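Please read all numbers here as calculations on a predicted model, not as lab measurements. Order of the sequence lines fixes the chain letters, A, B, ..., with proteins taken first and strands second; residue numbering starts at 1 for each chain.
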2 protein chains.
Amino acid sequence: MTEPAFLVLTALVDRPRHGYGIVQEVEKLSEGRMRLKVGTLYGVLDRLAADELVSLDREEVLQGRLRRYYRLTEHGVRALDAEAARLAENVRSARDRLRDRHAEGTA
Amino acid sequence: MTEPAFLVLTALVDRPRHGYGIVQEVEKLSEGRMRLKVGTLYGVLDRLAADELVSLDREEVLQGRLRRYYRLTEHGVRALDAEAARLAENVRSARDRLRDRHAEGTA
DNA sequence: CCCGATATCCTGCTTTCCGATATATCCTGG
DNA sequence: CCAGGATATATCGGAAAGCAGGATATCGGG
């Protein structure tokens, strides 16, 4: 799973959101570090929908502007959980090794 | 930074390794989960070298076979450390949200 | 004697990223 | 009253990246 896909899934965990809302939520949850590009978003959303990790929740027309809401599927929840575990393992092994490297210099 | 790049840097933390050795080390440190493709490796190595996160350590000819060793630069160590922190943040926010989602169902 | 492991590298296909652009509405400030 | 920023979706095309496959070459085991 790519990083933008991971962030989109994370943004959808608490409730369905529309495209622009996802962009804002990703920026918020990453404390401004990640700014999801709209050019990236729709491609990611299409791929996630094709894989059935997200699905179209509903469409609203608010003040003449279309809002298309996506929600996380149960499959999506499991995929996000598995990916988080996988990334955590990568982080752990990198940190273990970095710690050993510095410990050697100290010893 | 892409995931293969992250894994290559991790594999080089403890000592310089040559291409094929990196492939094996990545497979070992990920407990068989990640199998780095050779077609991916050399492109990654070139990019990391261009960014000065790794550098050519030495070349050996062992039993008629060339071995080209790469080592992590100090810049590479810092980049790996920063990337690990960034990924850890992504994992943390995903897990926080997943926990809340399940807590709601429980409450 | 062939095959798997070891070892590097290139080519080309596919996927993905993302800047740019297009379209359209609403609100605020000047 | 109008310019510009925020809100909102979508597409195009270039660039970057991933990766399967194949070329090339040695060594050891069955």
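The CD atom of B/E60 sits 16 Å away from the P atom of C/dT6 (whole-angstrom rounding). When the P atom of C/dA7 is taken as reference, atom NZ of B/K37 falls 19 Å away, rounded to whole Å. In this structure, OH of B/Y69 is placed 13 Å from P of C/dT6, rounded to the nearest angstrom. Rounded to whole Å, the distance from OH on B/Y20 to P on C/dT8 is 10 Å. Rounded to an integer number of Å, the gap from A/R17 CZ to D/dT9 P is 13 Å. A/E27 places its CD atom 11 Å from the P atom of D/dA6, with the value rounded to the nearest Å. Distance CZ (B/R35) to P (D/dA20): 11 Å, rounded to an integer number of Å. Nucleotide C/dT11 holds its C1' atom 17 Å from the CG atom of B/L41, rounded to whole Å.
Put simply, B/T2 has no side-chain N or O that comes within less than 4.0 Å of OP1 or OP2 on D/dA16. Remark: B/T40 is not in phosphate contact with D/dG18, judged by side-chain N or O atoms under 4.0 Å from OP1 or OP2. B/R47 has a side-chain polar atom (N or O) that falls below the 4.0 Å cut-off from OP1 or OP2 of D/dA17.
Side-chain contact between A/Y70 and A/V54 is present, with at least one heavy-atom pair separated by less than 4.5 Å. Side-chain contact between B/D14 and A/D100 is absent, with no heavy-atom pair separated by less than 4.5 Å.
Using a distance-only test at 3.5 Å, with no hydrogens or angles considered, no donor-acceptor pair links the side chain of A/R17 to the main chain of A/L12. Here the side chain of A/R67 pairs no donor or acceptor atom with the backbone of A/E60 at under 3.5 angstrom.
Partner of B/V8 under the side-chain contact (heavy atoms from CB on, under 4.5 Å) criterion, out of B/T2, B/L45, B/V23: B/L45 alone.
With D/dG18, C/dT6, D/dT9 as the choices, the nucleotide that has an atom nearest any side-chain atom of B/R67 turns out to be C/dT6.
Nucleic acid contact class of B/G43 (heavy atoms, under 4.0 Å, all strands): none.
If you find the closest nucleotide of DNA chain C to A/V38 and to A/P4, the one lying nearer the 5' end belongs to A/P4.
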